[in-house]
K.L.:
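So that we are looking at the same thing, I have put the structure below in structure tokens.
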Amino acid sequence: MATQREQEAADYLKKHRINELMDNLISMLFFYRPDNPREFLIEKLEELKISRQGGVKGPNLFNNSNLDAVFRILDPANQRYITFAQYKQALTTLGIKDINECPEGVNEDRISQETFKTEAMRGLQRYSAAYKQA
């Protein structure tokens, strides 16, 4: 059983989405491997702050070409669709936790590349928007 102080700390982290923020920053750090990690992290936090203030897209680990590559891996026969199970697994692997369970094409079990990319970008954007102003 957590003490009151531990529970307050956990609630604080959850309220401000600190774990998601740190996961995102660490993922970018490992992906880009900058020569000056501290400067890189400061830059990403500044980008995130600007994006939150201006309502623009924040820093993100994946772009359209990366998502196209992921889709091609999932669709080696070039059928132009993947199954819902593949869609769900891919988004989970990308670190997206709140997956749309009813994307376009789910009833036919055929998720198009466009739907996959749209849902992935939305999820990644929510993930990268972990910074919450007090």
Side-chain angles (χ1 to χ4, degrees):
M1 178 101 182
T3 67
Q4 181 179 352
R5 184 108 170 114
E6 290 171 332
Q7 188 59 51
E8 288 172 357
D11 291 344
Y12 178 84
L13 293 174
K14 185 176 182 178
K15 176 182 176 185
H16 294 284
R17 300 178 67 193
I18 301 298
N19 290 336
E20 289 91 342
L21 173 63
M22 297 309 294
D23 286 346
N24 191 22
L25 290 172
I26 290 169
S27 293
M28 285 191 283
L29 197 58
F30 286 140
F31 182 79
Y32 292 109
R33 299 180 187 267
D35 291 333
N36 188 336
R38 287 186 178 134
E39 188 63 35
F40 177 83
L41 290 172
I42 290 168
E43 179 183 314
K44 293 303 167 192
L45 286 169
E46 287 173 349
E47 287 175 18
L48 199 51
K49 183 177 179 181
I50 290 167
S51 75
R52 296 293 292 170
Q53 291 172 341
V56 295
K57 224 164 106 171
N60 200 331
L61 188 57
F62 294 92
N63 61 28
N64 275 326
S65 64
N66 299 132
L67 295 175
D68 285 333
V70 169
F71 191 88
R72 282 193 302 273
I73 290 168
L74 297 170
D75 181 27
N78 198 25
Q79 299 176 75
R80 303 200 186 282
Y81 68 85
I82 57 175
T83 66
F84 178 70
Q86 288 174 304
Y87 156 87
K88 195 170 179 178
Q89 183 61 48
L91 294 185
T92 301
T93 301
L94 292 173
I96 300 168
K97 295 178 181 155
D98 51 345
I99 296 169
N100 178 0
E101 297 286 338
C102 297
E104 186 176 328
V106 71
N107 293 334
E108 298 82 24
D109 200 28
R110 291 181 175 210
I111 310 299
S112 71
Q113 184 171 2
E114 197 56 42
T115 297
F116 170 75
K117 285 173 49 179
T118 298
E119 294 296 332
M121 287 306 280
R122 282 182 187 153
L124 290 166
Q125 196 57 40
R126 284 189 302 268
Y127 185 69
S128 73
Y131 171 73
K132 183 178 179 182
Q133 289 182 312

K.L.:
First locate atom CG of D23, then atom CD1 of I18, and finally report the distance between them rounded to the nearest 0.5 Å.
P.N.:
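One gets 11.5 Å once the value is rounded to the nearest 0.5 Å.
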K.L.:
What is the distance from atom CZ of F71 to atom OH of Y81, rounded to the nearest 0.5 Å?
P.N.:
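Nearest 0.5 Å value for the CZ-OH distance: 10.0 Å.
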K.L.:
Start with the C-alpha gap between D11 and E8, add the side-chain angles, then the distance that decides, and say whether side-chain contact (heavy atoms from CB on, under 4.5 Å) holds.
P.N.:
CA-CA 5 Å; D11 291 344; E8 288 172 357; 5.6 Å; no
K.L.:
Before you tell me yes or no, could you show the steps for N100 and V106 under side-chain contact (heavy atoms from CB on, under 4.5 Å), namely the whole-Å CA-CA distance, both residues' side-chain angles and the distance that decides it to 0.1 Å?
P.N.:
CA-CA 10 Å; N100 178 0; V106 71; over 6 Å; no
K.L.:
Show me the donor-acceptor pairs within less than 3.5 Å that the side chains of residues 35-43 make with the rest of the protein, sequence neighbours left out.
P.N.:
| from | atom 1 | to | atom 2 | distance (Å) |
| --- | --- | --- | --- | --- |
| N36 | OD1 | R38 | N | 3.4 |
| N36 | OD1 | E39 | N | 3.1 |

K.L.:
Determine yes or no for a side-chain-to-main-chain donor-acceptor pair under 3.5 angstrom, with T115 supplying the side chain and I111 the backbone.
P.N.:
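Judged by distance alone, no pair lies under 3.5 Å.
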K.L.:
Taking a hydrophobic cluster as the set of Ile, Leu, Val, Met, Phe, Trp and Tyr residues connected by side-chain heavy atoms closer than 4.5 Å, whether directly or through intermediates, do M28 and L45 fall within one such cluster?
P.N.:
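Same cluster.
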K.L.:
Which residue pairs pass the salt bridge (Lys or Arg N to Asp or Glu O under 4.0 Å) test with at least one member in residues 67-81, sequence neighbours excluded?
P.N.:
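Found D68-K117.
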K.L.:
For the residue pair I99 and K88, what are the closest heavy atoms and their distance?
P.N.:
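For I99 and K88, the tightest heavy-atom pair comes out as CD1-O, 3.7 Å.
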K.L.:
If you draw a 6.0 Å radius around CD in E101, do more than 12 non-hydrogen atoms from other residues or ligands fall strictly inside?
P.N.:
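Correct, the count exceeds 12.
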K.L.:
Do you know the tightest heavy-atom contact between M121 and L67?
P.N.:
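The answer is SD-CD1, 3.3 Å.
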K.L.:
Hey, is the main chain of F116 close enough, under 3.5 Å, to the side chain of E119 for a donor-acceptor pair?
P.N.:
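No, E119 side chain to F116 backbone: no donor-acceptor pair under 3.5 Å.
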K.L.:
So, taking the atom named CD in Q89 and the one named OG1 in T93, what distance separates them when rounded to the nearest 0.5 Å?
P.N.:
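Answer for the CD-OG1 pair, Q89 versus T93, is 4.0 Å.
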K.L.:
Can a donor-acceptor pair be found, under 3.5 Å and without considering hydrogens, that links the side chain of E6 to the backbone of T3?
P.N.:
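Such a contact is found between E6 side chain and T3 backbone.
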K.L.:
Around atom CD of Q113, are there more than 12 heavy atoms of other residues, nucleotides or ligands at under 6.0 Å?
P.N.:
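Correct, the count exceeds 12.
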K.L.:
Atom NE2 of H16 and atom CG of L21: how far apart are they, to the nearest 0.5 Å?
P.N.:
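H16 NE2 to L21 CG: 12.0 Å, rounded to 0.5 Å.
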K.L.:
Between D109 and F84, does a side-chain contact (heavy atoms from CB on, under 4.5 Å) hold up when you go through it step by step?
P.N.:
CA-CA 5 Å; D109 200 28; F84 178 70; 3.3 Å; yes
K.L.:
Name the one of I96, V70, L124 that satisfies side-chain contact (heavy atoms from CB on, under 4.5 Å) with L91?
P.N.:
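Checked I96, V70, L124 against L91; only one passes side-chain contact (heavy atoms from CB on, under 4.5 Å): I96.
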K.L.:
For E108, what residues pass the side-chain hydrogen bond (donor to acceptor under 3.5 Å, both in side chains) criterion, not counting sequence neighbours?
P.N.:
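Testing E108 for side-chain hydrogen bond (donor to acceptor under 3.5 Å, both in side chains), a comparison that skips the adjacent residues, returns none.
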K.L.:
Would a 4.5 Å heavy-atom cut-off, applied to side chains only, mark L29 and R33 as touching?
P.N.:
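A side-chain contact is absent here, since even the closest heavy-atom pair is not under 4.5 Å.
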K.L.:
Under the criterion side-chain contact (heavy atoms from CB on, under 4.5 Å), I'd like the reasoning laid out for T83 against L74: C-alpha separation, chi angles, the key distance, then a yes or no.
P.N.:
CA-CA 9 Å; T83 66; L74 297 170; over 6 Å; no
